[in-house]
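To start, the structure under review is shown below, and the notes come after it.
The chain is numbered in sequence order, starting from 1.
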Amino acid sequence: MGCQQDPLVQAVCELYEKISCLESLKPCKDVNMLMTQLVLTCMPPNYPIDVTKLCRKVQEMRSKLIKLSGEAEGLLESHYSSILASYDNPIDHLHIFPYFANYLKLSQLEFTILSQHHSGGEPSRVAFVGSGPLPLTSIVLASNHLTKTHFHNYDMDPSANSKALQLVSTDPDLSKRMVFHTTDIMDVTCALRDYDVIFLAALVGMEKEQKIRVIAHLAKYMANGSILMLRSAHGARGFLYPVVEDSDLRGFQVLSVFHPTDEVINSVIMARKCSALNHEKGSPLGPIMMPNKCCEIHQVFNPLNHGSIAEELAIEEKSS
């Protein structure tokens, strides 16, 4: 059966045609309905599909669909950021955002994964690349989990940073611990060494080549031993977000990969910056995978009743 005959692929293609014909992706009844249908279509966690191996025509559609979904997501966040800014204390009303519960779960997952592998206690400085107008991950982590950490949020869009700053400016604690930088992360070099942990948003680098360039840039400038937390997608969820493979993480030691099976769409990858870089050739060494069997991580998440496919990556013997 060709990939275009696959029922899920057919459904996604039909939704893409409808979404691409919309005059605007700003939140409204039609946009909300179609985007919800798209998410529900792509949500089944164990659907037997590898979106990176589909035929060229579907790959081209997928690339366009990720961009449309990213645009719609950005407009939705901007819309709710404006609404939240109308409150005296925006942080007290974050629950009005329709996907806030998902961010609570995702942030809990990321914090738990980070706690398993980051020694030395709470990180002092964290960067979030691609924070957007509604930086919920930074806010939730800073409020609930990393309560002493300073967060540096990077976004290229000045209006996004302006909106985000409004949300935390009235909070006596977060206003002191959250900084917003309007710049392309590719223009940030030595400053990247100052962060213990860097989070890379799923939609930073929507094209594969862009994502790899961003990861390579981080590998070049991050401090040895610092942590990179990436968001990816698994299975059919790869129609919504770019897929990051371990082979993309040159210069990093992959510590864990976590694929949620519930309503949290993004997978989480944690990697440590390696100390050995081939500076002469200008390219980092390939990814190093931890030789540990998966056991700890799902023990961590089962108490949360959070469905998952968890992997502690193990080195596999390859036939010569």
Could you check if a side-chain atom of Asn144 sits within less than 4.5 angstrom of a side-chain atom of Gln108, using non-hydrogen atoms only?
-> no
Kindly work out whether a path of hydrophobic side-chain contacts (I/L/V/M/F/W/Y, heavy atoms less than 4.5 Å apart) joins Leu22 to Ile66.
->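 Both belong to a single hydrophobic cluster.
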Please indicate whether Asp88 has more than 12 foreign heavy atoms, meaning atoms of other residues, nucleotides or ligands, lying under 6.0 Å from its CG.
-> no
Met43, CE: over 12 other non-hydrogen atoms inside 6.0 angstrom |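 More than 12 within 6.0 Å, yes.
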So, [X] side chain and [Y] main chain: donor-acceptor pair closer than 3.5 Å or not?
| X | Y | answer |
| --- | --- | --- |
| Arg272 | His117 | yes |
| Thr41 | Gln37 | yes |
| Ser20 | Glu17 | yes |
| Thr149 | Pro123 | yes |

Salt bridge (Lys or Arg N to Asp or Glu O under 4.0 Å) between Arg231 and Glu110, worked out = CA-CA 10 Å; Arg231 291 175 181 176; Glu110 290 173 325; 2.8 Å; yes
Sub-6.0 Å ring centroid separation between His95 and Phe100 | no
For Glu207, the option from Lys67, Arg213, Lys64 that meets salt bridge (charged side-chain N to carboxylate O under 4.0 Å, His left out) | Lys67
Atom pair CG/CG of Leu94 and Leu136 - distance to nearest 0.5 Å = 6.0 Å
Check the side chains of Gln59 and Ser63 for a donor-acceptor pair under 3.5 angstrom, ignoring hydrogens and angles.
->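 No donor-acceptor contact under 3.5 Å links the two side chains.
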Check whether the side chains of Tyr241 and Glu73 place a donor and an acceptor atom closer than 3.5 Å, and report yes or no.
->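 The criterion, which ignores hydrogens and geometry beyond distance, is satisfied for Glu73 and Tyr241.
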In terms of ring plane angle, is the pair Tyr80 and Phe97 parallel, tilted or perpendicular, where the classes change at 30° and 60°?
-> perpendicular
List the steps, then state whether side-chain hydrogen bond (donor to acceptor under 3.5 Å, both in side chains) holds for Thr112 with Gln116.
-> CA-CA 6 Å; Thr112 307; Gln116 298 302 303; over 6 Å; no
His152 and ring pair (Phe, Tyr, Trp, His ring centres under 6.0 Å): which partner among Phe180, Phe128, Tyr195?
-> Tyr195
